[in-house]
Amino acid sequence: MDLHKLTIHEAQNLLKNKSISSRELTRAVFERINNVEPSVDAYISLTKDIALEQAESADKAISENNIQPLTGIPLGIKDLICTKGVATTCASKILENFIPPYDATVMDKLNAAGAVMVGKVNMDEFAMGSSTENSGIKITKNPWNLAHVPGGSSGGSAAAVAADMCLGSLGSDTGGSIRQPASHCGVVGVKPTYGRVSRFGLVAFASSLDQIGPLAKDVTDAAILLQMVAGYDPKDSTSIDKPVPDYCAALSGSVKGLKIGIPKEYHTSDGMSPDVLSAVQNAMDLYKEAGAELVDISLPHSEYAVAAYYLIAPAEACSNLARYDAVKYGLRDKESASLIDMYRNTRSSGFGPEVQRRILLGTYALSAGYYDAYYKKASQIRTLIKNDFMQAFDVCDVILSPVTPTPAFKIGENTDDPLTMYLSDIFTLSANLAGIPGLSVPCGISQAGLPIGLQLMGNYFDEQRILNAAYCFEQGTEFHKMRAKL
Ligand code: GLN
């Protein structure tokens with residue numbers, strides 16, 4: 001048996017009945033990494049010693065019948081989630097040597113649930129990007145076709161899962177960074193409701209938009225991982241104190257009577273790949289056959305979402321990134337003669353071009369005289385976008401759309417054209433602006449052999465409903481079982 005190919009729920013069963021040990025499973029994952037990581041480049045750092053130690057404790061716990069849901073399960077962690085004693089670089093030169101003195105709350109939760117940490121996965125620098133080409137460390141390749149990007153910013157998280165170099169992973173989503181790479185790599189990715197998962201220890205990009213969430217081989221695994229990381233955290237003032245439902249128990253697979261909203265603004269053919277259009281159409285047909293009702297809806301302010309996001313996110317980013325001043329964290333230019341020079345030289349050499357572009361955009365949008373015209377207007381649009389969703393959820397239960405206009409593009413194809421890159425987020429960032437949950441589930445394969453994802457968005461704290469709708473889709477299709485051939 002190829003242990004690295006297992007899903008989390010399959011491995012759980014085998015571990016529980018002692019058919020395999022976590023040490024065997026963890027070793028199999030590292031062997032897989034030896035074989036395919038040189039071509040995929042999903043990891044920034046591997047934590048094999050920690051992993052084997054955790055696997056040993058897991059085996060001991062299992063032998064004592066003390067099993068938590070993730071006991072002995074090897075996972076990859078996006079490199080902007082603080083891990084105590086393990087470098088957390090955000091794929092940035094400025095944080096290359098940053099070793100957090102504490103764990104993020106999600107890490108506390110994973111550790112308490114018995115998980116094994118395989119390593120820290122690659123991403124676009126500070127999560128700014130849609131392809132991992134903005135990583136200051138390396139470019140991750142799409143396991144389905146190494147000439148293509150895996151998506152981003154959680155490209156390492158998605159590629160590592162798709163290439164079976166971990167059983168599941170955590171990513172973060174500020175404008176689509178879990179759903180878009182999940183879609184491009186043929187895995188399931190969930191962006192939870194804003195406030196559902198603690199952001200304590202998540203290095204901030206745009207604090208009012210960021211959420212941590214799972215990337216997994218199927219919906220059941222995504223539900224298990226979300227269950228483990230969700231919940232109130234007094235250390236995060238934006239975390240919401242609301243009971244976490246049993247996500248796995250919600251997976252009945254039935255969508256009878258479910259009202260699925262089809263937003264007309266998301267289902268145009270403008271700039272859309274015919275492969276994506278037909279995969280999404282097939283998904284709609286499947287849902288109809290399964291007894292769901294398709295309802296036409298409108299999200300009239302969608303056309304302003306990209307513009308609003310690319311003002312709000314950089315504005316928040318420029319203030320969040322002000323802390324990297326060469327004094328308190330990471331890189332410091334030691335040659336500088338004055339303090340101002342030290343700031344300037346460190347930040348100029350430590351931040352990559354996209355991060356610098358966002359800092360400039362954000363500083364401009366917040367500056368006196370422009371604040372009202374840009375930042376304030378964008379915030380007002382944000383409210384209108386949220387209201388659009390609220391009105392839509394009066395008449396439907398979930399919203400169905402593509403995740404991205406096209407399957408994964410080629411490495412280098414969009415690097416000289418930031419605007420085209422920004423437009424690839426067109427279907428995902430509204431959910432962040434509104435704060436609602438969304439997921440991507442594999443729904444097709446393009447002519448060129450690349451995966452296509454289907455987006456399902458839900459009302460606040462209604463993750464269980466979109467998970468169940470995605471589960472229903474999985475039951476009727478084989479896409480989640482298809483794997484990249486490496
Ligand atoms: N691609 C978007 C951006 O570059 C979203 C990133 C994200 O969700 N972290 O900002």
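What you see below is based on every heavy atom in this structure, not just the backbone, and it leaves out hydrogens, waters and symmetry mates. All ligand and atom numbering here is 1-based and tracks the order in the structure.
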Enquirer: For atom 2 (C) of ligand 1, what's the nearest protein heavy-atom neighbour? Residue, atom name and distance, please.
Expert: Asp425 OD2, 3.1 Å

Enquirer: Can you tell me if Thr88 and Lys120 form a side-chain donor-acceptor pair at under 3.5 Å?
Expert: yes

Enquirer: Would you confirm whether the ring centroid of Tyr324 sits within less than 6.0 angstrom of the ring centroid of Phe98?
Expert: no

Enquirer: Say whether Tyr310 and ligand 1 are in contact under the criterion: heavy-atom distance to a ligand atom below 4.0 Å.
Expert: yes

Enquirer: Would you say Gly176 touches ligand 1, if touching means a heavy atom closer than 4.0 Å?
Expert: yes

Enquirer: Does any N or O atom in Asp173 lie less than 3.5 angstrom from one in ligand 1, N or O only?
Expert: no

Enquirer: Is the shortest distance from a heavy atom of Met421 to ligand 1 less than 4.0 Å?
Expert: no

Enquirer: Under 6.0 Å between the ring centres of Phe200 and Tyr102?
Expert: yes

Enquirer: Identify, by atom number and element, the atoms of ligand 1 in contact range of Ser153, meaning under 4.0 Å from any of its heavy atoms.
Expert: 9 (N)

Enquirer: Which of the listed options, Ser177, Gly129, Gly151, Pro314, holds the heavy atom that is closest to atom 7 (C) of ligand 1?
Expert: Ser177

Enquirer: Which atoms of ligand 1 sit under 4.0 Å from any heavy atom of Ala127?
Expert: 6 (C), 7 (C), 9 (N)

Enquirer: Just let me know how Tyr422 lines up against ligand 1, side chain, backbone, both or neither, with a heavy-atom cut-off below 4.0 Å.
Expert: neither

Enquirer: Please tell me if the side chains of Val229 and Leu110 come closer than 4.5 Å, counting only heavy atoms from C-beta onward.
Expert: yes

Enquirer: As a quick check of understanding, evaluate side chain to side chain contact (heavy atoms under 4.5 Å, CB included) for Thr105 and Asp236, giving each step before the final call.
Expert: CA-CA 9 Å; Thr105 295; Asp236 169 5; over 6 Å; no

Enquirer: Check each atom of ligand 1 against the heavy atoms of Gly175 and keep those under 4.0 Å away; list them by number with element.
Expert: 5 (C), 7 (C), 8 (O)

Enquirer: Check each of Arg179, Lys191, Arg199 against Asp173 using the salt bridge (charged side-chain N to carboxylate O under 4.0 Å, His left out) test, and report the only one that passes.
Expert: Arg179

Enquirer: Any atoms of ligand 1 less than 4.0 Å from a non-hydrogen atom of Tyr309? List them with their elements.
Expert: 2 (C), 3 (C), 5 (C), 6 (C), 10 (O)

